[in-house]
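For reference, the structure is listed below as structure tokens.
Counting starts at 1 for both ligands and their atoms, following the listed order. Bear in mind the structure is a predicted one, so any value in this text is a computation, not a measurement.
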Amino acid sequence: MIPVFTLNIGEKELQNICIAVESGWVSSRGEFIKIFEKEFAKYCGTKYAVTTMNGTAALHLALVSLGIGKGDEVIVPNFTMISSALAIHYTGATPVFIDADENTCNINVSKIEDKITDKTKAIMPVHIYGHPCDMDDINKLAKKYNLKVIEDAAEAHGAEYKGKKAGSLGDIGCFSFYANKLITTGEGGMLVTNNKEIYDRVRSLRDLAFGEEQRFLHQEVGFNYRMTNMQAAIGCGQMESIDDFLKIKISNANYYNKELKEIKGIITPIEKKYVKNSYWMYVIKVGEEFGMSKDDLKKKLYEKGIDTRDFFVSMSEQPFFKHLQSDEKFPVSKKLSETGLYLPSGLNLDYKTIKYICNVIKTIKDEKTK
Ligand SMILES: *Cc1c(COP(=O)(O)O)cnc(C)c1O
């Protein structure tokens with residue numbers, strides 16, 4: 001079976017883990033944490049970075065650090081992974097869903113302004129599958145209405161918007177190092193910012209908000225969202241390869257694009273002129289012209305030993321967000337869920353395998369139209 005993703009943890013990471021364990025610093029203090037944060041901030045072009053236990057925790061901390069909570073509203077794409085909306089829900093604030101843009105799968109920025117109310121405190125754009133959102137437009141709206149911008153860049157390590165790295169474009173950027181992300185620490189996350197106040201606050205909130213004068217006297221509600229030094233040890237090893245990983249993702253995506261171009265009904269991902277798509281996952285949409293539903297194509301690919309994954313199910317379809325539902329329809333998100341598929345996107349994929357996958361898709365279509 002050709003898997004959707006493959007793990008890339010090497011010798012360097014294993015050596016680092018041994019160093020971390022032998023040093024005795026296995027919890028969240030230790031040198032690797034500091035190095036990983038410093039290197040990741042540098043990579044993103046931000047002043048500060050804070051490790052967290054996962055990407056969802058980074059998003060939650062971002063919101064709490066900005067004082068967002070009960071009675072507030074936060075604008076978020078309807079088409080995203082559950083973590084973005086859940087993080088908002090955890091704070092007691094209400095997520096306000098916006099339909100997607102069909103071409104990029106990102107939040108449709110032209111639909112945001114209508115949803116801004118007196119309660120709106122922030123916008124959380126998500127760079128879906130590695131294609132950056134239109135951040136200039138989002139930042140302009142944020143400025144006009146005095147809103148904060150929290151980027152969910154969990155799928156966009158290394159992606160760029162007008163020459164700047166995803167995550168560095170708003171007030172706070174959040175990343176995930178889950179196993180299938182561009183780089184991994186097993187579980188893990190990172191929050192980046194240029195704002196010293198936010199940085200200090202996030203560090204305190206992540207670490208149970210211990211007292212400054214009297215350690216065990218807590219002035220506010222904190223969280224234990226720390227990353228371990230062992231995970232950071234893996235992260236430091238991964239940082240040495242991040243540029244290579246990104247290059248592989250991009251060159252594989254370009255090769256897929258070339259091979260799939262001629263197949264009618266297979267809609268390949270786009271890359272706007274002023275962005276660098278990091279192609280976290282190589283995604284296609286199965287259009288009507290293909291002559292077969294996404295589900296049928298998925299089944300046939302599986303029979304040929306090619307694994308795939310469905311697109312996200314929209315937030316408006318989630319049972320526990322039922323109470324937020326109105327008569328509003330989200331036709332684009334719905335269509336994306338119905339037609340979208342990730343093809344194998346692992347870092348060890350070679351051109352020969354990609355060609356094979358594309359040929360199988362071609363053959364499936366040819367047989368169908370015969
Ligand atoms: C992976 C991901 C996250 C966070 O994931 P964790 O598993 O909590 O690290 C958040 N948002 C999006 C869009 C993601 O894809």
Side-chain angles (χ1 to χ4, degrees), residues 4-5 7 36 40 44 49-64 74-91 95 97-98 100-101 104-107 122-133 135 138 149-159 166-167 169-170 172-192 202 206 223-228 231-232 234-235 238 245 249 269 277-283 309-318 321 333 336-337 340-342 345:
V4 169
F5 119 95
L7 201 57
F36 188 30
F40 200 78
C44 291
V50 184
T51 47
T52 58
M53 66 177 185
N54 57 51
T56 311
L59 289 167
H60 186 200
L61 279 185
L63 292 155
V64 175
V74 178
I75 291 188
V76 67
N78 187 46
F79 183 78
T80 182
M81 193 258 201
I82 195 72
S83 296
S84 330
L86 264 188
I88 299 166
H89 182 77
Y90 293 158
T91 67
F97 306 130
I98 307 279
D101 170 89
T104 57
C105 305
N106 285 333
I107 189 164
I123 306 174
M124 185 188 285
V126 187
H127 309 304
I128 300 284
Y129 306 137
H131 191 292
C133 299
M135 292 304 295
I138 290 170
V149 175
I150 300 165
E151 291 175 78
D152 181 343
E155 304 181 354
H157 317 58
L169 301 153
I172 301 179
C174 297
F175 290 86
S176 164
F177 306 119
Y178 180 69
N180 68 10
K181 300 293 158 86
L182 185 68
I183 60 165
T184 186
T185 58
E187 298 283 352
M190 190 84 82
L191 187 153
V192 298
V202 165
R206 168 191 66 170
F223 307 85
N224 180 353
Y225 281 178
R226 299 178 303 238
M227 175 184 274
T228 71
Q231 290 167 303
I234 302 176
Q238 294 266 290
F245 290 172
K249 290 274 189 190
N277 188 341
S278 64
Y279 294 105
W280 168 57
M281 286 286 163
Y282 186 78
V283 296
R309 288 282 180 285
D310 287 325
F311 270 23
F312 302 127
V313 176
S314 296
M315 296 307 102
S316 56
E317 305 288 318
Q318 303 298 334
F321 281 142
S333 317
L336 289 175
S337 306
L341 215 52
Y342 312 175
S345 308

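Residue, atom and distance of the protein heavy atom nearest to atom 8 (O) of ligand 1 are Thr56 OG1, 2.5 Å. Ser176 OG, 3.5 Å is the protein heavy atom nearest to atom 5 (O) of ligand 1. The nearest protein atom to atom 15 (O) of ligand 1, hydrogens excluded, is given as Glu155 OE2, 2.5 Å; this is a heavy-atom distance.
A side chain to side chain contact (heavy atoms under 4.5 Å, CB included) with His157 holds for exactly one of Lys181, Met190, Lys249; it is Lys181.
In this structure, Trp280 contributes its side chain and Asn180 its backbone to a donor-acceptor pair below 3.5 Å. Put simply, the side chain of Ser314 never gets that close to the backbone of Glu317: no donor and acceptor are under 3.5 Å apart.
When each atom of ligand 1 is checked for a heavy atom of Ala154 under 4.0 Å away, the hits are 2 (C), 3 (C), 10 (C), 11 (N), 12 (C), 14 (C). Each of the following atoms of ligand 1 lies closer than 4.0 Å to a heavy atom of Val126: 13 (C).
Residue contacts with ligand 1 for Lys181 involve side-chain atoms from C-beta outward but no N, CA, C or O (heavy atoms, distance under 4.0 Å). Residue contacts with ligand 1 for Asp152 involve side-chain atoms from C-beta outward but no N, CA, C or O (heavy atoms, distance under 4.0 Å).
The local environment of CZ in Phe223 is crowded, with over 12 non-hydrogen atoms from other residues, nucleotides or ligands closer than 6.0 Å.
Using cut-offs of 30° and 60° for the angle between ring planes, the Tyr129 and Phe79 rings count as perpendicular.
Ring centroids of Tyr178 and Phe5 are separated by 6.0 Å or more, keeping the two rings apart.
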